[in-house]
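Have a look at the structure below before the remarks.
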There are 2 protein chains.
Amino acid sequence: MHQPVNIAITGAAGQIAYSLIFRIVSGELLGKEQPIHLRLLEIPAAQAALEGVVMELDDCAYPLLAQLYYGDDMRRAFDQVDYVFLIGATPRKAGMERSELLSINAQVFHSQGKILNQYAHPQAKIIVVGNPANTNAYITRRAAPDLPDSCFSSLMRLDHNRALSIIANKISSVQNKAKAECQTNQLKQMVVWGNHSSSQYADISYLTCKDIPIGASFDLDWLDQSFVPAVQQRGAQIIQQRGHSSAASAANAILSQMYDWKHGTKANDWVSMGVISDGSYDIEAGLFYSFPVTIEKGQYHIVPDLPLSTRSHNHMQASLRELQKERDAVLKLKWA
Amino acid sequence: MHQPVNIAITGAAGQIAYSLIFRIVSGELLGKEQPIHLRLLEIPAAQAALEGVVMELDDCAYPLLAQLYYGDDMRRAFDQVDYVFLIGATPRKAGMERSELLSINAQVFHSQGKILNQYAHPQAKIIVVGNPANTNAYITRRAAPDLPDSCFSSLMRLDHNRALSIIANKISSVQNKAKAECQTNQLKQMVVWGNHSSSQYADISYLTCKDIPIGASFDLDWLDQSFVPAVQQRGAQIIQQRGHSSAASAANAILSQMYDWKHGTKANDWVSMGVISDGSYDIEAGLFYSFPVTIEKGQYHIVPDLPLSTRSHNHMQASLRELQKERDAVLKLKWA
């Protein structure tokens, strides 16, 4: 048995956390030999529901769950924390302006950043999930100046996976004609660039199937009019079908992003991850933007020198402009 | 890679299935090398919601998910099926008599049994979860005379795990006095006897902690007035806390019951499982009753010759009488 690791999850009584917690504690993230000190954080109003989740965790009798804290004390939750999932965020309510939403969540993530700065392990891996995820990550990182850039990411893996599944379905639907049978897990080098919002840009320029480039085989009209919007609208479509927003696939994406961040990316492949820009690809440095990254020994690296078409460049700059606006809006807030 | 196995889940758009499906397909049940042909079954009214679940499954890009059927065709779902999770059942609605509920579900499980009889793999492992689980298992088994008894079980693992967690909490709360520190996973030989209902009997007579018997250390009054009712009412308590019934811990229990059925029980331990009685412990043969079982090479065996106190015997007979009444009620129905 290894030394226990500390894992903190905010929004722990919510639906995404409900699909995530049980998978983490069963050993899917760090293996069956890794004891876990789990910290579940919620706002005071959700403490009763959180207690219900904790009762269910008790009822699973997980051998890896060596210690559990639950409550609303960020200091206890983030003390020497190794893995952080910032899922909780105030959802947009009827009649709420976007600026108001931005402002409420900015305060939450600013506070969390300050506490992380003081208490977290200096090599902590922090994934921001609560929306607007990229800008919340920017705020969190800004409030934690003593932690390195490499501690922070925002979730883009769900968009990345959705893009893969839509392409796999497209290939399957023309399979009889093209004989180009291809499973989702044989697709590599997908990129979703930009903001986790409808300005994001799913890019198949470098896509391979069974390591053979297939990006050029897609019709540009289909890409612009069907594919890119389909990835953007996938979440809304699932809500319409299920009557609830996607929780299990979001949790799965969160788990996958952290898993790869810890264990590394596969050969000849990368993943899309929201990370702090270093100025690559004409993206303003310091903003959280989704790039293709490879990961080795727990460190991510933005894939360098991919050729960009004018079409790609335009899409990417549009998403950048949205992020700049979000950043400008939060920097105007009093606390900043 | 192995030959694919066929796994069928009914009630696939429901909350328990939502917590179960993604864990099975990620490889938690059968390992990371076992491709899965998954069949998700739902009633016609839930097909739209099921489609949403399938979209989320797509978005996980699971490498082990080699084939997927979803719909309402039992023949396709159960064809050569190896692992079956019968989760779907009509819940009791306001104003519905218990006999009416029993009758509606009896028809569903009778039909499923008939199709399983024709189509399932002769060594299929079938877990009945939908309530009343024991009597639904009885009906399913009765409608499938060509399958052996050993194919069928009903879920009791959630009750078993709940009993363990309540005892572990009890030990922790007196820990400072007794210095008897004991984690849930160090407890062995818990039994929950009988029906999955409020007549069930959680029995700590044989309980060990770190392989030392501790059953005699509990006060009889505490057992009768606190422990046994606490296990029975745990589900209601979680609903009160969360505002939703326990889905994640139920799914975890289902996964654990099937995992142990496939991979075997641990040394010096057993699990509680609803299986067809062979007349052991004065329980009428042919009824589905929860017994302690050990499992080896995929076959369960009721633990023989445990000494029973008069108190235990009385509790166990009371739960038996309830099962006999449920059986008598369903046998009066027209279709039987």
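- Residue contact with chain B, scored on non-hydrogen atoms closer than 4.5 Å, involves the backbone and the side chain of A/Ala48 alike.
- Ion pairing between A/Asp260 and A/Arg157 holds under the 4.0 Å rule for side-chain N and carboxylate O.
- Listed options A/Ala253, A/Cys60, A/Ala251, A/Ala61 were ranked by heavy-atom pairs under 4.5 angstrom with chain B; first place goes to A/Cys60.
- Judged by the 6.0 Å distance and 45° axis criteria, B/Lys188 is not positioned over the aromatic ring of B/Trp270.
- Using a 4.5 Å cut-off between heavy atoms, B/Gln240 makes no contact with chain A at all.
- With a 4.5 Å cut-off on non-hydrogen atoms, A/Ala247 touches chain B through its backbone and its side chain both.
- Proximity to chain B is limited to the side chain of A/Ser19, based on heavy atoms less than 4.5 angstrom apart.
- Heavy-atom distances place the side chain of A/Thr184, and not its backbone, under 4.5 Å from chain B.
- A donor-acceptor contact closer than 3.5 angstrom links the side chains of B/Tyr62 and A/Asn252.
- Checked by atom type and distance alone, the side chain of A/His263 pairs as donor or acceptor with a backbone atom of A/Leu29 at under 3.5 Å.
- Looking at B/Ala248, both its backbone and its side chain come within 4.5 Å of chain A, counting heavy atoms on both sides.
- In terms of heavy-atom pairs under 4.5 angstrom with chain B, the leader among A/Leu164, A/Asp59, A/Ile21, A/Asn185 is A/Asp59.
- Among A/Arg23, A/Glu51, A/Gln241, the residue making the largest number of heavy-atom pairs under 4.5 Å with chain B is A/Gln241.
- The greatest number of non-hydrogen atom pairs below 4.5 Å with chain A, out of B/Gln237, B/Arg234, B/His160, is found for B/Arg234.
- The pair B/Glu56-A/Arg242 meets the salt-bridge criterion, with a side-chain N (NZ, NE, NH1 or NH2) lying under 4.0 Å from an Asp/Glu carboxylate O.
- Taking CG from A/Leu40 and CG from A/Leu57, the interatomic distance works out to 6.5 Å, rounded to the nearest 0.5 Å.
- In terms of heavy-atom proximity, B/Cys209 sits nearest to B/Leu187 at CB-CD2, 4.0 Å.
- At a 4.5 Å heavy-atom cutoff, the contact between A/Asn161 and chain B is made by backbone and side-chain atoms alike.
- B/Gln200 contributes atom CD, which lies 4.0 Å from atom CG of B/Asp159 (distance to the nearest 0.5 angstrom).
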